[in-house]
Amino acid sequence: MNVKKELETKAGTANGIYLNNIEIDPLTIKAIMINEVVPADPLQDFYGTPDADYLKTTIPLLQGAGTEVVSIQDILQLGIYITNAVKTPKTEYAIDKSSIENSLPYLEAELSLFPNIKVIMLMGDVAKKAFNMIAKKSTKKNAVPAVSTYKLRNSEIYYKGIRVMPSYIMTGGNILIEKSKVTMATEDIAAMLEIIK
């Protein structure tokens with residue numbers, strides 16, 4: 001299955017929307033990690049070049065959690081699919097609500113592509129917000145309580161039988177500054193890996 005083609009079939013095509021143009025067997029995926037926003041340059045995204053910026057922070061997090069990954073293919077082999085909540089590059093420091101809303105049909109369609117999901121990791125507040133917007137449409141309430149991530153890390157949250165794990169952003173230069181968040185994100189990823197083993 002080509003993810004981009006499937007999403008365009010389900011949610012339509014739109015200018016400026018970046019979708020993962022990759023071939024994948026949806027049955028092999030057991031966990032989805034939702035990052036915040038696509039980079040301005042698609043080559044720096046998870047499925048861009050082998051040394052893409054997004055992989056420079058993501059691979060060390062997964063390695064810190066005990067995996068031997070060195071590429072996005074290795075991550076997919078573990079049954080982990082990575083995507084972005086917002087499918088348009090950000091134009092300002094903060095991501096506005098309309099950017100999240102414009103990308104929601106794609107994210108929602110994307111989540112529906114994988115029938116064997118056990119865990120959805122929300123890597124950052126934008127991912128948490130987007131996921132709650134999707135959950136609200138069907139359940140009329142947030143899947144993830146609106147409290148600080150560090151307070152939620154040890155709670156077991158489920159949405160439609162899938163474990164939802166709020167964590168911290170896994171891309172961008174800031175991740176390298178906040179060592180405690182790197183440690184917590186690594187611990188969260190290790191917990192996810194245990195669930196999907």
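On a predicted model such as this, the values are computed, not experimentally measured, just so you know.
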Does the side chain of Pro166 reach to within under 4.5 Å of the side chain of Ile157, using non-hydrogen atoms?
yes

Validation: residues 104-113 side-chain donor-acceptor distances under 3.5 Å, sequence neighbours left out:
from	atom 1	to	atom 2	distance (Å)
Tyr106	OH	Gly12	O	2.8
Glu108	OE1	Lys137	NZ	2.6
Glu110	OE1	Thr83	OG1	3.0
Glu110	OE1	Lys87	NZ	2.5
Glu110	OE2	Tyr81	OH	2.5
Glu110	OE2	Thr83	OG1	2.7
Ser112	OG	Ala109	O	2.6

Minimum-distance pair of heavy atoms, taken over all atoms of Ala185 and Met123
CB-CE, 4.4 Å

Residue of the set Asn35, Thr58, Asn84, Thr57 for which side chain to side chain donor-acceptor pair (under 3.5 Å) holds with Thr171:
Asn35

I'd like to check the side-chain hydrogen bond (donor to acceptor under 3.5 Å, both in side chains) partners of Thr49; sequence neighbours left out, ordered by chain and number.
Asp51

Applying side-chain contact (heavy atoms from CB on, under 4.5 Å), can you list everything that pairs with Asn116, at least two apart in sequence or on another chain?
Leu27

Listed once per pair and sorted, the ring-ring contact (aromatic ring centres under 6.0 Å, His included) pairs that draw on residues 150-172, sequence neighbours left out
Phe131-Tyr159

In chain order, what residues pass the salt bridge (Lys or Arg N to Asp or Glu O under 4.0 Å) check against Lys30, with sequence neighbours excluded?
none

Measure the shortest side-chain to side-chain distance between Leu152 and Val144 over non-hydrogen atoms and say whether it is less than 4.5 angstrom.
yes

Suppose we screen for salt bridge (Lys or Arg N to Asp or Glu O under 4.0 Å). Which residues come up paired with Lys197, at least two apart in sequence or across chains?
Glu194

State which residues pass side-chain contact (heavy atoms from CB on, under 4.5 Å) with Gln73; sequence neighbours excluded, sorted by chain then number.
Ser71, Leu76

Residues forming a salt bridge (Lys or Arg N to Asp or Glu O under 4.0 Å) with Lys4, sequence neighbours excluded
Glu8

To the nearest 0.5 Å, how far apart are CD1 in Ile17 and CG in Leu7?
10.5 Å

Using the side-chain hydrogen bond (donor to acceptor under 3.5 Å, both in side chains) criterion, which residues pair with Asn132? Sequence neighbours excluded.
none

Asp45: salt bridge (Lys or Arg N to Asp or Glu O under 4.0 Å) partners, not counting sequence neighbours
none

Do we get Lys90 above Tyr93's six-membered ring, with its NZ or CZ under 6.0 Å from the centre and within 45° of the axis?
yes

With sequence neighbours excluded, tell me which residues meet side-chain hydrogen bond (donor to acceptor under 3.5 Å, both in side chains) with Glu68.
none

Minimum heavy-atom separation for Tyr47 to Ile82, with atom names?
OH-O, 2.8 Å

side-chain contact (heavy atoms from CB on, under 4.5 Å) filter on Lys118, not counting sequence neighbours, yields Ile195, Ile196

Say you draw a straight line from CD1 of Ile189 to CD1 of Ile80; how long is it, rounded to the nearest 0.5 Å?
8.0 Å

